[in-house]
Engineer: 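The structure follows.
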2 protein chains.
Amino acid sequence: MAVRGAVPEVIWARPERTGRGPKPAYTRDDVAAAAVRIADAQGLDAVSMRHVAAELGCGTMSLYNYVPRKEDLYELMVDAVSAEHELWEPGGDWRADLRRVAHQTRALMRRHPWVPRLMSPVYGFSPHALRYLEHCLACLDPLDAPYGTKLELIAMLNGMVTTYVRNELDTAERVRALPWSEAEENEVRMAYLGSRIGTGAYPRMAAAFTEDAGPIDLEAVFERAVARVVDAFAPR
Amino acid sequence: MAVRGAVPEVIWARPERTGRGPKPAYTRDDVAAAAVRIADAQGLDAVSMRHVAAELGCGTMSLYNYVPRKEDLYELMVDAVSAEHELWEPGGDWRADLRRVAHQTRALMRRHPWVPRLMSPVYGFSPHALRYLEHCLACLDPLDAPYGTKLELIAMLNGMVTTYVRNELDTAERVRALPWSEAEENEVRMAYLGSRIGTGAYPRMAAAFTEDAGPIDLEAVFERAVARVVDAFAPR
DNA sequence: CCTAGTTACGTACACCGTACGCAGTGCGGT
DNA sequence: ACCGCACTGCGTACGGTGTACGTAACTAGG
């Protein structure tokens, strides 16, 4: 009997089956898919061990045969949706390819609004994350720069996309738990903001708000941000 | 009796006292300070209503006289540490001023490692956050650009700093709850990564790892990232 | 002065992650 | 062929969480 709880382990290094005893009723992918299904439908906070087990159709504690801790379940979830990344043959224009990567990542996160909240550097080791990273590096083959710089570019782009989509969506995820609507909350916040600005203590913010009264085009803002990050690494 | 739970409200718009009834034993700042003290000392996960109440020296449910939901307690915490931002008179070189802002924000987050996890666009309305934003805009006075662009720059810089420090620190925050050390976990993860790379399926990652075997200088990486974001908005 | 609104807070509920123990199952070694 | 044991499945239980609700004490406004 191995003392499982006290030794560090990576979920991906642990074999899915060891050969002895009865065959497991589900695969690791089944578990991940059930958790993803719940997160997509009811939000990340609804992903509890009990709910996932119920969705899967087994007892709660049976989950711990597949996943040592809930943290690892999160890791499985991120890897599962990372499989949705479409990996194409890079076309030679690394800036265009990287912009395409950014847009695809954004689309993925909009399909699964809980992903930004789970993004962590430690999840970068999962199988599908490695494939994704290798693909990004392949896109950067035409760029004449050391790998260190390329990795910094990829990290910066991914971080920017994650932050951006997170700001765009986690309020929507958050509002699910609130007893009032997002529109109502925004209205109250804007009213408060207006009252603060009206005091005259923030002249530049006041100017900023009178300058641009129209609704902001999120799509265009994202487009510009991506281009700026990519161009920041282009040789002059 | 107002039905408090069903109407949206901003914590900052709610008056701290209404005049009727016994005087509150603590101020809102006392509550925030107690929560910050716990988060600094024991991590964000230790910030429970019971712990904060105990730290403050009152009953658990008394907290709800000061804060309608735990979410608002988080908002108070972020605002409380936002007061630590040093606001100087901008010197005319907006790029230098912005770099200084970035470094100061990073230092603040390193003092309070739980801040990146709580960063959310909705917290941008707190009093000290408004002061901070106005200061950033003041730094950007010499830059000839519409306020929309300036706000995009500030958002991008803040997001990058937050992401960066988060990646740097939340593993440390996370490891507090794990039954093994961060070094042990890193060793296991690196071993697994090596075994995956050894399969030859990721030639570029393999090349990247053989290229740069030395330890990475986090300070220099951060410096470069800040400079890149700032320079991306400089007129050519 | 009275009363309505507020503070303080104990109790209770539903839910969480997961340690533990037990029954059943089927492969590996003899 | 047959143990034995490692494994799966899972019920129970523990200590934690946020917070709804009810009650007692208190004080300012009419």
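Convention: sequence-line order gives letters A, B, ...; per-chain numbering from 1.
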Engineer: According to side chain to side chain donor-acceptor pair (under 3.5 Å), who are the partners of A:Thr105, at least two apart in sequence or on a separate chain?
Structural biologist: A:Tyr132

Engineer: Does D:dG9 have its OP1 or OP2 closer than 4.0 Å to a side-chain nitrogen or oxygen of A:Tyr66?
Structural biologist: yes

Engineer: Could you check how far CD of A:Glu16 sits from P of D:dA6, rounded to whole Å?
Structural biologist: 21 Å

Engineer: Any chance you could list the contact pattern along nucleotides 22-30 of chain D? Use B for base contacts, S for sugar-phosphate-only contacts and - for none, protein heavy atoms under 4.0 Å, 5' to 3'.
Structural biologist: ----BBBS-

Engineer: Please identify each residue that fulfils ring-ring contact (aromatic ring centres under 6.0 Å, His included) with B:Tyr74, with sequence neighbours left out.
Structural biologist: none

Engineer: May I have all residue pairs that pass side-chain hydrogen bond (donor to acceptor under 3.5 Å, both in side chains) and include part of residues 46-57 of chain B, sequence neighbours excluded?
Structural biologist: B:Arg37-B:Glu55

Engineer: For residues 111-118 of chain B, which side-chain donor-acceptor pairs fall under 3.5 Å, sequence neighbours excluded?
Structural biologist:
residue  : atom : partner : partner atom : Å
B:Arg111 : NE   : B:Glu84 : OE1          : 3.1
B:Arg111 : NH2  : B:Glu84 : OE1          : 3.0
B:His112 : ND1  : B:Asp40 : OD1          : 2.8
B:His112 : ND1  : B:Asp40 : OD2          : 3.0
B:His112 : NE2  : B:Glu84 : OE1          : 3.2
B:His112 : NE2  : B:Glu84 : OE2          : 2.8
B:Trp114 : NE1  : B:Asp40 : OD1          : 2.7
B:Arg117 : NH2  : B:Asp45 : OD1          : 3.2

Engineer: Kindly determine whether A:Ser62 and A:Asn65 satisfy side-chain hydrogen bond (donor to acceptor under 3.5 Å, both in side chains), including the steps that lead there.
Structural biologist: CA-CA 6 Å; A:Ser62 305; A:Asn65 288 321; 5.0 Å; no

Engineer: Distance check needed: D:dG18 C1' versus B:Leu73 CG, whole Å only.
Structural biologist: 12 Å

Engineer: For the residue pair B:Arg106 and B:Phe222, would you count it as a cation-pi contact if the rule is NZ or CZ under 6.0 angstrom from the ring centre and within 45 degrees of the ring axis?
Structural biologist: yes

Engineer: Take atom CG of A:Asn65 and atom C1' of C:dT25, then tell me their distance rounded to the nearest Å.
Structural biologist: 13 Å

Engineer: Are B:Thr27 and B:Asp30 close enough, and set up right, to give a side-chain hydrogen bond (donor to acceptor under 3.5 Å, both in side chains), and what steps lead you there?
Structural biologist: CA-CA 5 Å; B:Thr27 67; B:Asp30 291 336; 3.2 Å; yes

Engineer: Dump every N/O contact between nucleotides 16-19 of chain C and the protein below 3.5 Å, one line per pair.
Structural biologist:
residue : atom : partner : partner atom : Å
C:dC16  : OP1  : A:Ser48 : OG           : 2.9
C:dG17  : OP1  : A:Lys70 : NZ           : 2.7
C:dG17  : OP2  : A:Met49 : N            : 2.9
C:dG17  : N7   : A:Arg50 : NH2          : 2.5
C:dG17  : O6   : A:Arg50 : NH2          : 2.9
C:dT18  : OP2  : A:Tyr64 : OH           : 3.1
C:dT18  : OP2  : A:Lys70 : N            : 3.1

Engineer: Under 4.0 Å between a side-chain N/O of A:Ser62 and OP1 or OP2 of D:dC10, yes or no?
Structural biologist: yes

Engineer: For a quick check of understanding: with a heavy-atom distance under 4.0 Å over all strands, which category does B:Ala53 fall into, base, sugar-phosphate or nothing?
Structural biologist: nothing

Engineer: Within the side chain of A:Glu75, is there an N or O that forms a donor-acceptor pair under 3.5 Å with the backbone of A:Ile11?
Structural biologist: no

Engineer: How many Å lie between OH on B:Tyr26 and P on C:dA8, as a whole number?
Structural biologist: 8 Å

